[in-house]
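Quick notes on the structure that follows.
Counting convention: from 1, in listed order, for ligands and their atoms alike. Throughout, numbering of the chain's residues begins at 1 and tracks the sequence.
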Amino acid sequence: MIRKFTFGTPVPTDAVVLSLPAETGPVPFFTLSRDGDRVILTRKLQPEDCLFGLGESVRGINKRGSLYRSWNSDVFNHTESTESLYGSHNFLLFFGPECLFGVFLDDPGRITWDLGYTRSDTAVITSENGNLDLYFVEEASLSETARSFRRLTGQSYLPPRWAFGYIQSRWGYASESEVRSVAEEHRKRGIPLDGICLDIDYMDDFKNFTWRKDAFPDLKHFSAGMKKEHIRLIPIIDAGIRKEKGYAPYDSGEKGDVFCKKEDGSEFTAAVWPGICCFPDFLREDVRRWFGSLYRPLLEAGVEGFWNDMNEPALFYTDESVEAAFRRAEELCTGSSVDYEEMWSLNNAFSSIANNPEDYRSFLHEVGGKPVRHDLVHNLYGAFMTRSAAEAFRRFDPEKRYLLFSRSSFIGAHRNGGIWQGDNFSWWSHLRMALQMLPNLNLCGFLFSGCDLGGFGCNVTEDLLARFLQLGVFTPLMRNHSALHTREQEIYRFSSWEQMRDTVRVRYALLPFLYSEFMKAALSDGMYFRPLAFDYPEDRRAVRTEDQLMLGEGCMIAPVMEQNADGRYVYLPEDMLMIRFRSPEDYDPVPLEKGDHWIRCGISEFPLFVKKNHPVLLCPGGESSETLDDRTFTALCMADRDVSYDLYRDNGTDPAPTLYGHLTKAVVPLAAQGSSPVPGVAISSLVL
Ligand code: GLC
């Protein structure tokens, strides 16, 4: 059951697809209060209550105990105490002995989530603007509540199948020959690869929709050549358009009056990578159409995937924020020296030049012909940029699925694209954070997701990259990405590249299976990754597990996330088959009983756990998703009956994929267990 309440005059956000009548009268589950414009929801928490959701946010799977703010932010250097990340996903599930419901604030402005932070027994959710639609979702189980919420917000984005391949990315690939050499190094060493991202270096002076003719002379030819080798180019597009007469996107934008304005009617400008930029008003339909049309030459050049960036939007500085910092410096530096307090104020004055809250208050959008201040709708900006691109791709070729992933997002954008988890660091803590974010992203609809494997900022260590990749085997987006000036992070740069290659090869062996699990989750409004609580709500250990995730219908992952560990404890809520991988040809299938287990996992090993009567299918793999053999499988299963498995083998780009390969009941027969070299595990060879 879904109930809706409306406060004030909400701006249309495109978050929901069902139109429900708003109720009047008291809201359920919370005490409602007002403070000026603010709408405040307060609820007492029982000791056992757990809170799941908020998509992209720091800390644990269970969000209880901390403070979060919905405010899309460019926070390169985030840590455990950062309150906002790149996306805002305002859905939270309350789960305890006496409660099971979800609350969604369809509100694109600033929201504070005090989830047992000020008082450990109280949750207080505050909408700062007070213009919102508030939804309550109540169903019989956690999974059904999540499904009902997805029905409200619409089916998750389906990427093309090749997007499940391994993608290599680095800020700094500055020429066609450099990109080719990255491709060659992978192919020569047998490291599978499906895509290479082009970061801002492909552009002419970092200007969107241009490319450097000296370094990338013929993009169409280049893209076609790479595609013959089954490698797609995936260029980046940023939100800002450089303010420069004579630059076609600026000229056409100015002519069409598409850019956000200040109150005095002048264009709002701020610096990002290309220098001073204007910002398209993506909230306007005509502007989305205009911006979307700018992708066309790249689509015509054969590009089938993009990543949209800097769309919080990130603002490096405005003239106003720089002037304010200098004014503050003049106030502080009156004598010949400063004391320590003045020094810190000085420091703050300059560090708040970027992404300054005053700047976000200083420009306007147009909604329904009326001006709306940016900060009141801030969290929509990236989502509407994604919408603009996705709508353009559908116009360009309605028969095809494109790869699209964005940095900034809001619920609703999950129908149009995936997201990556933003800039992270080569830290063990960020590996753990990535894992903990995934189920909450799924809960909010973002199934196609993954982090920068290896970490974006600072220098990765070899073992950290290996462990990141082992998580990446299971994340729908498997992309190795790193920042300019950091240690080179391509697999082949490291002495243990063969082990890491084998990790990626396991991904390819599992690719048809993982793709099927993803498709089933997406098409049934389910979750690809879930907290263990969803499958074992009665099991107190499972409910509180923070370092393992359910995957697809019958699997569980438990990656090693500590340096120098050669294994880890894993909690099995029921009997499961463990498959400890070293390569697609070298793995240990071990049936394990419910309970705690120490699982040995040397640096080249990683486990997958599988429930009884759920087969896992391994194909022989290949160097790309297009060339892998997905007809010959080894099926592994711990079974007490004959089992069948539905495999998705569509053409990989069809907008309405169908189940076309279908394993019948006879395929993994219980009898196979009798002749198996591993007692209790059926191992069958299948040819489809
Ligand atoms: C931003 C992106 C990052 C990219 C960089 C340069 O920091 O998040 O992925 O590499 O900009 O474009």
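- Geometric assessment of R395 against the ring of Y295 yields a negative cation-pi assignment under the 6.0 Å and 45° thresholds.
- Aromatic ring orientation, F363 versus F268: parallel (interplanar angle below 30°, classes split at 30° and 60°).
- A side-chain donor from one of Y173 and Q168 sits under 3.5 Å from a side-chain acceptor of the other.
- Taking the side chain as every heavy atom from C-beta outward, P313 and H374 approach each other to under 4.5 Å.
- The protein residues lying under 4.0 angstrom from ligand 1, judged by non-hydrogen atoms, are W171, D199, I200, I236, W273, W307, D309, M310, R407, W420, D423, F456, H481.
- Within the 4.5 Å cutoff, the side chain of E56 has no heavy atoms near those of the N440 side chain.
- Sorted by first and then second residue, the salt bridge (charged side-chain N to carboxylate O under 4.0 Å, His left out) pairs with a member in residues 292-307 read K227-E304, R232-E304, R296-E300, E304-K400; sequence neighbours excluded.
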